[in-house]
Structure formats: C-alpha cells, structure tokens
Undergrad: 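Sharing a structure here in structure tokens format.
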Amino acid sequence: METRLEKWIIEADIASMQQAMTTGKVTSEQLVLIYLTRIEKYDSVLNTILEINPDAIDIAKDLDEERKVKGSRGLLHGIPILLKDNIDTHDRMHTSAGSIALAESFAAAYSFVAAQLRAAGAVLLGKTNMTEWAGYMSGDIWAGYSSRGGLTLNPYGPGELFVGGSSSGSAAATAANLAAAAIGTETSGSIISPSSQNSLVGIKPTIGLVSRTGIIPIAHSQDTAGPIARTVSDAAILLGALTKIDERDVETLASKGRSFQDYTPFLDVNYLQQARIGIPRFYYQQLDKARLDIVEAAIAVLKQKGATIVDPVELPCEQTHWDGNVMRYEFKKDLNDYLSKLSGKIPVHSLADVIAYNEAHADQALKYGQGTLIWSEETSGTLTEQAYLDSKKRDKEMSRELGIDHVLEKHHLDALLFLGAEGGADLAARAGYPSITVPGGYAATGIIAPGGYTTKGPQGITFVGTAFSEPTLIKIAYGFEQATKHRIQPELAAAAKIEVE
C-alpha cells in the first residue's frame with residue numbers, strides 16, 4: 001500500500017518539495033526514503049538505476065540539520081537527484097559508463113557537475129543505467145543497454161516503447177518518479193531523445209555553458225551535461241546549479257557574461273506573444289501521421305498563444321551528407337585522456353585496453369559487438385588527420401552559418417521547432433547550440449523502429465536556438481508547457497505488475 005507521502009511525491013516538483021521541507025511537512029531524509037521505497041518497488045522491471053549512493057540517507061540527515069541551524073542553501077537543498085553513470089563522483093559509487101571494464105572504478109575527484117550539485121545542497125541519490133559508452137560502442141547496440149546494467153525500459157510501455165538513448169536510465173527513472181530529477185549527458189540527442197520518449201523536459205545546453213570536467217567523454221566538440229526533469233521549472237532550477245566557469249574546461253570561458261546561476265526568472269508564460277518560431281518542414285518528412293499530427297497540434301497551440309509562426313523555413317544545410325569523423329577521431333583522444341588518469345587497479349587505461357578487455361570477456365561484454373570502438377581505435381588519437389580537421393570545420397560551418405544561424409537571422413526567429421530528436425538534435429549538436437524538449441503528447445499508433453520498438457508513445461516538442469539562447473528557449477518551452485500540460489505519469493503499477501491499493 002502506498003503511504004501518504006509516497007502518493008504526495010508522485011509528480012511533485014522541486015519547488016513544492018522545497019516548500020514542504022521549509023514548513024516542516026517533510027524532511028530530506030524522508031524524501032530519500034520515499035524514493036528508495038519506490039526504486040525497490042518498481043526498478044526491478046524498469047532497470048533504470050545501477051547503484052544507490054550508500055551515504056544518501058546520512059547526507060540527507062546532515063542537510064536537514066544544516067537547514068535547522070543555518071537555513072537553506074537554495075532550491076536544491078535536500079533534493080534527491082540521480083546522475084548518469086558517466087559522471088564522476090568521489091564517493092562510494094562507481095563511474096563506469098555502463099561498461100564492465102570500469103565496473104570497479106571509483107573516481108579520484110568529483111566531476112565539476114557533481115561538485116556544483118553538492119554545493120547547491122542536492123542529495124546525489126544514485127547512478128543511472130545508460131547506453132554503454134554513451135552509445136558509442138556499436139552501431140547495433142540497443143538504446144538503454146549496458147553490459148554492466150542490462151536494458152533500461154520505458155515506464156510507459158516496458159519492452160514495447162523506445163526508451164531513447166543514451167541517458168536512458170536518467171530519463172526513465174525521472175519519468176517513473178524514482179527521483180526528483182536527473183542529470184544526463186549528450187553528444188548528439190542523448191538528453192533530447194530519452195526526455196522526449198519519456199514525456200519529460202530535457203535541456204541540452206550550449207557547449208561551454210556546463211563544464212565537462214570529470215565526465216567520461218565521446219567528443220569534446222559536442223559533449224555536454226544537462227538536466228532531465230518533469231517540468232520546465234525543475235529543469236531551469238537544475239541548469240542554474242550547473243553553470244559556472246571552470247578553468248579546466250576552456251570551453252566554459254565562452255560563457256562569461258552569457259550564463260546565469262538562476263534561470264527561473266525566464267519562466268515567462270507570456271513570452272509566446274512575442275516569440276517568432278520557424279517550422280523546418282524538411283525535417284518532418286520521415287514522420288508518420290500520428291507524430292506529424294502532434295507537431296501540427298503544437299504549432300496550432302503556439303499560434304493560439306500569440307506566437308508568430310514562419311512556415312515553412314528552409315536551411316541551406318538540409319541536403320548535407322553528414323559524416324561521423326568528429327566523434328570518431330575525438331573519441332579515441334578524449335577517452336584515452338580520461339582512462340589514463342584512472343587508478344592502476346582498473347584494468348583499462350586506453351581505448352585499446354577497453355577493446356582487448358571486451359574481447360577477453362566477450363560473453364558478457366560483447367552482446368552487440370564493439371565495431372564503433374574498433375573504428376575509432378584505427379585513428380591516430382592525435383587529432384591531426386586532415387579528414388578530422390576538414391569535418392570539424394565543415395560541421396560548424398554547415399550547422400551554424402548555413403544552418404541554424406542562417407535561418408534564425410533571415411527570418412528574425414527565436415527558435416526552430418522539431419519533434420523530439422528527429423533532425424534537430426543532431427544539427428544542434430554539431431553546432432554546439434542549445435535545445436530544449438517539452439512533452440508534446442502521446443502517439444497512439446506508430447511504425448516499427450530498429451530494435452523492434454514502435455514509434456508510438458510519448459513525444460516531445462523540441463525548440464532549438466543559437467548559442468547561449470537558453471533563456472529564450474526556456475521562455476518558449478515554459479509557455480508551451482503551461483498551455484498544454486501534456487505530461488501524464490506512467491501507470492507503474494500495471495507496468496510492474498504490482499497491485500497498489
């Protein structure tokens with residue numbers, strides 16, 4: 001039987017949790033215990049969490065005492081947050097990117113992101129499952145699968161609906177109310193995709209807004225961490241806690257004077273009345289009718305709320321054949337840099353070591369092969385190849401000057417509208433530009449997608465903007481969210497075959 005507090009926690013937002021702690025109706029310790037109870041009930045089916053922080057309860061108790069003595073640190077004080085398993089924490093939790101090769105790896109220091117959350121008073125509740133090596137292991141690997149954690153399932157239809165990758169566990173756990181919110185990472189679609197598929201809000205920040213120090217990488221040109229939450233307000237709260245210049249990540253120097261420690265002032269429900277949003281119909285061509293209907297419904301709502309819709313808009317880069325050279329070349333260099341600093345007790349210290357380890361443990365490690373790892377290992381690891389330099393330059397030029405910036409400037413737009421991670425996520429990722437996805441509805445029908453999943457289920461409406469346009473994107477997303485309120489909680493009792501009285 002669900003307790004009163006467990007019923008209350010379902011779909012509760014960060015502000016209401018904070019208010020409840022301020023007034024003494026609940027403590028951080030109780031929040032942690034409620035989420036641990038829910039994890040025990042439901043996660044054996046969903047498989048979203050790799051490990052729980054064994055110190056979470058004690059940390060919550062300390063934060064409760066601090067609240068009594070010194071007061072609250074802010075909106076995240078005592079709030080339980082999950083972290084994707086490629087984000088370093090200097091505690092009794094491992095950081096493995098889902099790989100059995102790193103299953104026993106303890107980070108020597110907190111990642112910048114984890115340190116920021118701790119400083120804000122968040123309780124790091126646990127590490128979430130993810131697509132192994134953030135999906136950069138094999139072209140055949142299923143989203144949400146890792147050799148260390150198995151397969152994460154979508155709480156809206158376990159085993160039937162696509163869960164999205166690679167921040168699969170962070171999204172599915174948040175959707176299932178197993179934590180207040182979570183942090184994911186994205187190189188190309190890995191925050192936007194699972195957030196969209198799990199009826200969540202996900203923010204993929206501008207490259208340089210959030211430090212990557214202490215995060216197991218794919219490619220420094222595109223990697224970033226970002227929030228995954230049930231509401232735009234929660235995502236905005238989390239984003240503000242993550243932003244700060246980090247001298248160890250030189251990209252963050254570009255955010256000076258362009259970042260905020262508090263994004264909640266941009267929760268402006270009236271901004272849509274002055275927003276200009278472009279409709280890039282080229283990227284809707286592959287959508288089935290159910291998903292296209294969701295896009296059309298979103299456009300209608302935006303018009304109704306006063307937004308100026310420019311439909312259609314064309315991007316000069318639309319017919320571009322994109323290659324994967326930037327990720328291929330940067331992965332080896334960036335991963336080798338990370339692995340080389342690990343303890344001597346860990347069996348791998350280079351990409352070559354990982355490949356060899358996987359081959360030696362093939363029964364467990366190579367369910368879907370490691371063709372992508374091998375492909376990257378074939379590079380020099382020096383980032384001097386002309387093919388890499390040419391692709392990096394071309395990606396930026398085509399996605400920015402002949403892509404997002406071109407169309408925004410031509411039509412004086414605030415943002416472009418996409419469905420989930422369809423087209424826009426990769427474009428924004430190559431540009432290093434921000435995206436935010438918001439629940440857009442539920443497709444009752446769909447087509448069979450790779451892996452045997454259908455395209456039906458929750459769908460996100462995604463807004464893409466230019467560099468450091470997070471404030472504007474939050475305004476647009478918040479207005480759309482408040483006008484639609486599309487998010488519904490998943491029926492966990494049925495999904496987990498548990499009778500809840």
Side-chain angles (χ1 to χ4, degrees), residues 1-49 51-69 71-83 117-118 120-128 155-156 169-183 198-201 227-231 233-235 237-238 241 485 487-501:
M1 179 182 294
E2 289 179 337
T3 66
R4 177 184 59 82
L5 283 177
E6 187 177 344
K7 289 179 179 178
W8 170 79
I9 204 70
I10 297 172
E11 297 298 290
D13 62 16
I14 289 173
S16 63
M17 293 183 205
Q18 199 58 244
Q19 177 64 20
M21 286 189 284
T22 299
T23 58
K25 293 180 179 179
V26 71
T27 65
S28 177
E29 179 186 3
Q30 286 175 312
L31 290 180
V32 169
L33 290 171
I34 294 166
Y35 283 128
L36 292 180
T37 297
R38 291 183 60 78
I39 289 167
E40 184 178 0
K41 277 186 179 182
Y42 302 120
D43 205 48
S44 60
V45 171
L46 300 178
N47 205 32
T48 67
I49 296 170
E51 59 186 301
I52 295 296
N53 187 348
D55 300 319
I57 295 173
D58 289 337
I59 292 170
K61 288 179 179 178
D62 289 344
L63 287 165
D64 286 333
E65 184 62 24
E66 180 182 321
R67 183 187 295 272
K68 293 177 184 177
V69 176
S72 172
R73 300 186 193 183
L75 282 170
L76 286 178
H77 188 113
I79 301 294
I81 302 294
L82 290 166
L83 296 176
L117 290 170
R118 291 181 73 246
V123 178
L124 305 184
L125 185 62
K127 292 289 185 71
T128 57
Y156 290 90
S170 292
T174 302
N177 286 278
L178 305 185
I183 304 299
N198 289 274
S199 198
L200 296 169
V201 177
I228 294 176
R230 290 183 290 273
T231 66
S233 61
D234 284 358
I237 289 168
L238 271 175
K485 299 291 183 74
R487 176 171 166 80
I488 57 172
Q489 68 185 72
E491 295 292 337
L492 286 188
K497 296 183 175 61
I498 295 173
E499 184 177 347
V500 179
E501 298 181 15

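Being a predicted model, the structure only gives us computed values, none of them experimental.
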Undergrad: For a 4.5 angstrom cut-off between non-hydrogen side-chain atoms, does L117 reach V123?
TA: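 The answer is no; the side chains never approach within 4.5 Å.
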Undergrad: Kindly indicate whether the side chain of I79, heavy atoms from C-beta on, has any atom under 4.5 Å from the side chain of M21.
TA: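 With C-beta onward as the side chain, the pair touches.
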Undergrad: Within this structure, what is the CD1-CG distance for the pair I14 and D234, rounded to the nearest 0.5 Å?
TA: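 Rounded to the nearest 0.5 Å, the CD1-CG separation comes out at 4.0 Å.
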Undergrad: Working to the nearest 0.5 angstrom, can you tell me the gap between S233 OG and L238 CG?
TA: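 Result: 10.0 Å between the selected atoms.
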Undergrad: Look up atom CD1 in I39 and atom CG in L46, then write down how far apart they are to the nearest 0.5 Å.
TA: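 Those atoms lie 11.0 Å apart.
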Undergrad: Could you grab the distance from atom CD1 of I34 to atom CE of M17, nearest 0.5 Å is fine?
TA: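 Taking CD1 in I34 and CE in M17, the distance rounds to 8.5 Å.
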Undergrad: Dump the intermediate steps for side-chain contact (heavy atoms from CB on, under 4.5 Å) on L76 and Q18, then the final yes or no.
TA: CA-CA 8 Å; L76 286 178; Q18 199 58 244; 5.7 Å; no
Undergrad: What pair of heavy atoms forms the shortest contact from V32 to A56, and how long is it?
TA: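 For V32 and A56, the tightest heavy-atom pair comes out as CG1-CB, 4.1 Å.
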Undergrad: Determine whether the side chains of E11 and N177 contain a donor N or O and an acceptor N or O closer than 3.5 Å.
TA: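 N177 and E11 do have a side-chain donor-acceptor pair below 3.5 Å.
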Undergrad: Within the side chain of H77, is there an N or O that forms a donor-acceptor pair under 3.5 Å with the backbone of L63?
TA: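 Yes, H77 side chain to L63 backbone: donor-acceptor pair under 3.5 Å.
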Undergrad: Check salt bridge (Lys or Arg N to Asp or Glu O under 4.0 Å) between E65 and all other residues, then give those that pass, not counting sequence neighbours.
TA: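 None.
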Undergrad: Between T23 (side chain only) and Q19 (backbone N and O only), is there a donor and an acceptor less than 3.5 Å apart?
TA: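 Checking the backbone N and O of Q19 against the side chain of T23, a donor-acceptor pair under 3.5 Å is found.
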Undergrad: List the atom of S28, the atom of G78, and the distance in Å for their closest heavy-atom pair.
TA: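 Heavy-atom minimum between the residues: OG-O, 2.8 Å.
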Undergrad: Are T48 and D43 close enough that a side-chain donor and a side-chain acceptor fall under 3.5 Å?
TA: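 Yes, D43 and T48 have a side-chain donor paired with an acceptor closer than 3.5 Å.
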Undergrad: Taking C-beta and beyond as the side chain, do T174 and L82 meet within less than 4.5 Å on heavy atoms?
TA: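 No, every pair of side-chain atoms sits at 4.5 Å or beyond.
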Undergrad: So that I can tick it off, tell me whether K41 and E6 are bridged by a salt bridge, with the cut-off set at under 4.0 angstrom between side-chain N and carboxylate O.
TA: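 Salt bridge flag = yes for K41 with E6.
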Undergrad: Spell out, as yes or no, whether a donor-acceptor pair under 3.5 Å connects the side chain of N198 to the backbone of A171.
TA: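 It does not hold such a pair.
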Undergrad: So do R38 and L492 actually touch side chain to side chain, heavy atoms under 4.5 Å?
TA: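 Touching, per the 4.5 Å side-chain cut-off.
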Undergrad: Hey, is the main chain of S199 close enough, under 3.5 Å, to the side chain of R487 for a donor-acceptor pair?
TA: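 Yes.
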Undergrad: Return yes if some donor-acceptor pair links the side-chain N/O of S170 with the main-chain N/O of A182 below 3.5 Å, else return no.
TA: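 Answer holds: no.
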Undergrad: Got D13 and R230 here, is their nearest side-chain heavy-atom distance under 4.5 Å?
TA: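 No, every pair of side-chain atoms sits at 4.5 Å or beyond.
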Undergrad: Just jot down the salt bridge (Lys or Arg N to Asp or Glu O under 4.0 Å) partners of D62, sequence neighbours excluded, or say none.
TA: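 So D62 forms no salt bridge (Lys or Arg N to Asp or Glu O under 4.0 Å) with any residue.
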Undergrad: Does atom CZ of R67 have more than 12 heavy-atom neighbours, drawn from other residues, nucleotides or ligands, at distances under 6.0 Å?
TA: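 Counting other residues, nucleotides and ligands, CZ of R67 exceeds 12 neighbours.
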Undergrad: I want to check something: taking the side chain as every heavy atom from C-beta on, are I183 and I228 in contact at a cut-off of under 4.5 Å?
TA: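 A side-chain contact is absent here, since even the closest heavy-atom pair is not under 4.5 Å.
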